[in-house]
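Each remark here refers to the structure printed beneath this line.
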Amino acid sequence: RSSPKLVVPLGCLVSRQKHTLPDLPYDYAALEPHINAEIMQLHHSKHHATYVNNLNVAEEKYKEALAKGDVTTQVSLQPALKFNGGGHINHTIFWTNLSPNGGGEPKGELMEAIKRDFGSFANFREKLTALSVGVQGSGWGWLGYNKEQGRLQIAACANQDPLQGTTGLIPLLGIDVWEHAYYLQYKNVRPDYLKAIWNVINWENVSSRYATCKK
């Protein structure tokens, strides 16, 4: 007797849920005085929301091109998918990396790994700050995990390039150095913003990400 064949409706192969703007785990004013409420509101409800909306539009167009076998259009949509998809991925991580109860230094395994790979927490902080300050134009500074080598690494990404998709590093901590992340409060003095943001880094979240990616 022949085995029954599994029939999957074509619609199931291309159906998907639209991306949505995640809620912040704190109020817009919760990170003051280090990041003011106006910045947080615009950053989350306008900038991140735009990435989400544009990603949904690009994916819809890509789905149509895929159904038509239109490879040219699929290729032409790659920059929009990378930019808006990266913007959504990066900011979704960024909001959880921050906390009104943040700051200080990490503990446990993450702290031991930082000491192992950077010599000390102070040295790590100095290196990631300098890397982030030095990003030309817009971009991000990252602490990531190199799974192949089993060690922590810092890296800078231009624009909204997602860390894992462009470097292979698993993102643990991202620092947004686009001007929209700080200009209303710190004007063009990026180093002041980077000095302040360490006061709201959510080390519990970063440590949780580190523990997860090591499994």
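All residue numbers in this chain count up from 1 along the given sequence.
- Partners of Pro191 according to the side chain to side chain contact (heavy atoms under 4.5 Å, CB included) rule, which considers only residues two or more places apart in sequence or in another chain, are Val133, Val189.
- Screening residues 149-174 for ring pair (Phe, Tyr, Trp, His ring centres under 6.0 Å) gives no qualifying pairs among residues at least two apart or on separate chains.
- Taken together through direct or relayed side-chain contacts under 4.5 Å among Ile, Leu, Val, Met, Phe, Trp and Tyr, Leu77 and Ile89 form parts of separate hydrophobic clusters.
- Residue pairs meeting the ring pair (Phe, Tyr, Trp, His ring centres under 6.0 Å) criterion with at least one member in residues 62-84, sequence neighbours excluded: Tyr51-Phe83.
- Cluster note: Val75 groups with Val71 through ILVMFWY side-chain heavy atoms spaced under 4.5 Å, whether in direct contact or through intervening members.
- With sequence neighbours left out, Thr50 forms a side chain to side chain contact (heavy atoms under 4.5 Å, CB included) with Asn54.
- Listed by first and then second residue, the side chain to side chain donor-acceptor pair (under 3.5 Å) pairs that reach into residues 104-121 are Glu109-Lys214, sequence neighbours excluded.
- Applying the side chain to side chain contact (heavy atoms under 4.5 Å, CB included) rule to Asn205 yields the partners Thr96, Asn97, Asn202, Arg209; only residues at least two apart in sequence or on another chain are considered.
- To the nearest 0.5 Å, atoms OH (Tyr193) and CD (Gln185) are separated by 10.0 Å.
- Residues passing the salt bridge (Lys or Arg N to Asp or Glu O under 4.0 Å) test with Lys82 are Asp161, sequence neighbours excluded.
- A salt bridge links Glu60 and Lys63; the closest N-O separation between the charged side-chain nitrogens and carboxylate oxygens is under 4.0 Å.
- Side-chain contact check for His19 and Asn53: no donor-acceptor pair (N or O, by modelled atom type) lies under 3.5 Å.
- Side chains of Val200 and Ser99 form no contact here, defined as non-hydrogen atoms less than 4.5 Å apart.
- Looking at every heavy atom in both residues, Leu128 comes nearest to Leu173 through CD2-CD2, 4.1 Å.
- For the residue pair Ala155 and Leu169, the shortest heavy atom distance occurs at CB-CD1, 4.0 Å.
- At distances below 3.5 Å, at least one donor-acceptor pair connects side-chain atoms of Asp70 with backbone N or O atoms of Thr73.
- In this structure, Phe121 has its ring center under 6.0 Å from that of Trp203.
- Leu42 and Tyr186 fall within the same hydrophobic cluster, defined by Ile, Leu, Val, Met, Phe, Trp and Tyr side-chain heavy atoms under 4.5 Å apart, directly or through other members.
- Looking only at distances, a side-chain donor or acceptor of His91 sits under 3.5 Å from a matching main-chain atom of Gly87.
- Follow the hydrophobic side-chain contacts under 4.5 Å out from Met40 and you reach Leu184 in the same cluster.
- Judged as a side chain to side chain contact (heavy atoms under 4.5 Å, CB included), and not counting sequence neighbours, the contacts of Ala29 are Glu32, Ala37.
- Nearest heavy atoms, Leu143 versus Leu163: O-CD2, 4.5 Å.
- Of the possible polar contacts, none joining the Glu59 side chain to the Leu81 backbone as a donor-acceptor pair under 3.5 Å is found.
- Taking all atoms of both residues into account, the shortest heavy-atom contact from Cys213 to Leu172 is SG-CD2, 4.0 Å.
- Note that the CD1 atom of Ile197 and the CD1 atom of Ile35 stand 4.5 Å from one another [nearest 0.5 Å].
- When every heavy atom of Ala181 is checked against every heavy atom of His43, the shortest pair comes out as CB-CE1, 3.6 Å.
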Run the side-chain contact (heavy atoms from CB on, under 4.5 Å) test on Ile114 and Leu152 for me, step by step, so that the C-alpha distance in whole Å, both residues' side-chain angles and the decisive distance to 0.1 Å come before the verdict. CA-CA 7 Å; Ile114 287 173; Leu152 301 174; 3.7 Å; yes

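- Residues passing the salt bridge (Lys or Arg N to Asp or Glu O under 4.0 Å) test with Glu38: none are found, sequence neighbours excluded.
- When atom types are taken as modelled, the side chain of Tyr182 and the backbone of Asn188 share no donor-acceptor pair closer than 3.5 angstrom.
- The number of heavy atoms from other shown groups lying within 6.0 Å of CD (Gln149) is above 12.
- Checked against Leu31 for a side chain to side chain contact (heavy atoms under 4.5 Å, CB included), the options Ile39, Asn36, Leu98, Leu24 give a single hit: Leu98.
- Screening residues 126-147 for side chain to side chain donor-acceptor pair (under 3.5 Å) gives Thr129-Trp198, Trp140-Gln160, Asn146-Gln153 as the qualifying pairs, with residues at least two apart or on separate chains.
- Panel note: side chain Thr92, backbone His88; a donor-acceptor pair is recorded below 3.5 Å.
- There is no path of hydrophobic side-chain contacts, each under 4.5 Å, that joins Tyr183 to Tyr28.
- Expressed to the nearest 0.5 Å, how far CE of Met111 lies from CZ of Phe124 amounts to 10.0 Å.
- For the pair Pro162 and Asn90, the minimum side-chain heavy-atom distance is below 4.5 Å.
- Nearest heavy atom pair, residue Leu110 against residue Ser207, reads CD2-OG, 3.4 Å.
- Here the NE2 atom belonging to His34 is positioned 11.0 Å from the CD1 atom belonging to Ile201, to the nearest 0.5 angstrom.
- Asn84 contributes a side-chain N or O that, together with a main-chain N or O of Ala80, makes up a donor-acceptor pair within less than 3.5 Å.
- Residues passing the salt bridge (Lys or Arg N to Asp or Glu O under 4.0 Å) test with Lys195, sequence neighbours excluded: none.
- Residues Leu55 and Ile93 do not share a hydrophobic cluster, defined by chaining ILVMFWY side chains whose heavy atoms lie under 4.5 Å apart.
- To the nearest 0.5 Å, atoms CG (Leu194) and CZ (Arg125) are separated by 10.0 Å.
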